[in-house]
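What follows is one structure encoded as structure tokens, with my remarks underneath.
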Amino acid sequence: MKLVLHVDGGARGNPGPAAIGVVASEPGGRVVDEVAERIGVATNNVAEYRAVLRALERARELGATEVEIVGDSELVARQLAGAYKVKHPALRPLYEQALAALLQFDTWSVRSVPRAENAEADALVNSALDSG
């Protein structure tokens with residue numbers, strides 16, 4: 001089973017109060033799961049990685065064997081795809097956890113999109129931040 005995972009992470013202040021948003025859907029677009037969680041104080045990039053990790057965790061729980069990660073962080077997408085090196089020490093362990101989690105799927109892909117194309121995940125981040 002393939003899932004499309006729209007992910008977003010954000011912090012108000014950088015670092016500041018942070019949250020993640022995940023929308024898991026079938027390739028046809030039917031939403032099967034949503035996550036909106038506060039994650040404490042973090043930077044935007046840490047929050048983006050935490051969103052990817054939570055999305056992969058939910059995908060495994062839902063029985064996915066293939067995942068497509070879609071997010072508005074070009075940095076995270078290019079690091080996971082191997083196009084950018086991970087230079088920041090705070091991101092390296094999250095990057096390594098994400099790669100290890102991705103290996104649990106038969107196939108995976110990652111791509112970045114403009115924020116407007118990731119609006120549902122972005123709304124979940126803001127909802128989580130507003131609720132706390």
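By convention here, the first residue in the shown sequence is residue 1.
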#### Entry: Val7 with Leu62, same ILVMFWY side-chain cluster at under 4.5 Å
yes

### Query
Quick one: side-chain hydrogen bond (donor to acceptor under 3.5 Å, both in side chains) partners of Arg58, sequence neighbours excluded?
Asp33, Glu61

### Task
Please name all residues satisfying side-chain contact (heavy atoms from CB on, under 4.5 Å) with Asp72, sequence neighbours left out, ordered by chain then number.
Asp8, Glu48, Arg115, Asn118

#### Entry: Contact summary for Ala90 and Leu94, nearest pair of heavy atoms
O-CD1, 3.9 Å

### Query
CZ of Phe105 to CG of Leu3: how many Å apart, nearest 0.5 Å?
8.0 Å

#### Entry: Partner residues of Glu57 under the salt bridge (Lys or Arg N to Asp or Glu O under 4.0 Å) criterion, sequence neighbours left out
Arg54

### Task
For Ala51 and Gly9, work out which heavy atoms get closest and say how close.
CB-N, 4.2 Å

### Message
Please say yes or no: joined through hydrophobic side-chain contacts below 4.5 Å, possibly via intermediate residues, are Val31 and Ile69 part of one cluster?
### Response
no

## Note on the structure
Sorted by chain and number, sequence neighbours left out, side-chain contact (heavy atoms from CB on, under 4.5 Å) with Gln104 holds for Arg60

### Query
Rounded to the nearest 0.5 Å, what separation is found between the CG atom of Leu5 and the OG atom of Ser109?
9.5 Å

### Query
Val110 and Val4: same hydrophobic cluster, using ILVMFWY side-chain contacts below 4.5 Å?
no

### Query
Under a 4.5 Å side-chain heavy-atom rule over Ile, Leu, Val, Met, Phe, Trp and Tyr, are Val46 and Val52 clustered together?
yes

### Query
side-chain contact (heavy atoms from CB on, under 4.5 Å) with Pro15: which residues, sequence neighbours excluded?
Val41, Thr43

### Query
So Leu91 and Leu75, side-chain contact (heavy atoms from CB on, under 4.5 Å) or not? Walk me through it.
CA-CA 11 Å; Leu91 296 184; Leu75 176 77; 4.1 Å; yes

### Set of residues satisfying side-chain contact (heavy atoms from CB on, under 4.5 Å) with respect to Leu124, sequence neighbours excluded
Val23, Glu34, Ala36

### Query
Quick one: side-chain hydrogen bond (donor to acceptor under 3.5 Å, both in side chains) partners of Glu120, sequence neighbours excluded?
none

### Query
Under a single-linkage rule joining Ile, Leu, Val, Met, Phe, Trp and Tyr whose side-chain heavy atoms are separated by less than 4.5 Å, which residues share a cluster with Val125?
Leu129

### Query
Can you name the closest pair of heavy atoms from Ala59 and Val67 and give their distance?
CB-CG1, 3.8 Å

## Note on the structure
Between the CZ atom in Arg38 and the OG atom in Ser127, the distance rounded to the nearest 0.5 Å is 10.5 Å

### Task
First locate atom CD of Gln79, then atom CG of Asn45, and finally report the distance between them rounded to the nearest 0.5 Å.
7.5 Å

### Message
Applying salt bridge (charged side-chain N to carboxylate O under 4.0 Å, His left out) as the test, list every pair that has at least one member in residues 75-86; sequence neighbours left out.
### Response
Glu74-Arg78

### Query
Is there any salt bridge (charged side-chain N to carboxylate O under 4.0 Å, His left out) pair reaching into residues 93-114, and which pairs are they, with sequence neighbours excluded?
Glu68-Arg111, Arg92-Glu96

### Message
Run the side-chain hydrogen bond (donor to acceptor under 3.5 Å, both in side chains) test against Thr107 and tell me which residues pass, sequence neighbours left out.
### Response
Glu66

### For Ala11 against Gly16, the heavy-atom pair lying closest together
CB-O, 4.0 Å

### Task
Output the distance between atom CG (Leu56) and atom CH2 (Trp108), rounded to the nearest 0.5 Å.
9.5 Å

### Task
Tell me, please, which residues at least two apart from Glu26 pass side-chain hydrogen bond (donor to acceptor under 3.5 Å, both in side chains).
Arg30

### Message
Nearest 0.5 Å, please: how far is CG in Leu102 from CG in Leu53?
### Response
9.0 Å

### Message
Is there a path of hydrophobic side-chain contacts, each under 4.5 Å between heavy atoms, that joins Val86 and Leu99?
### Response
yes

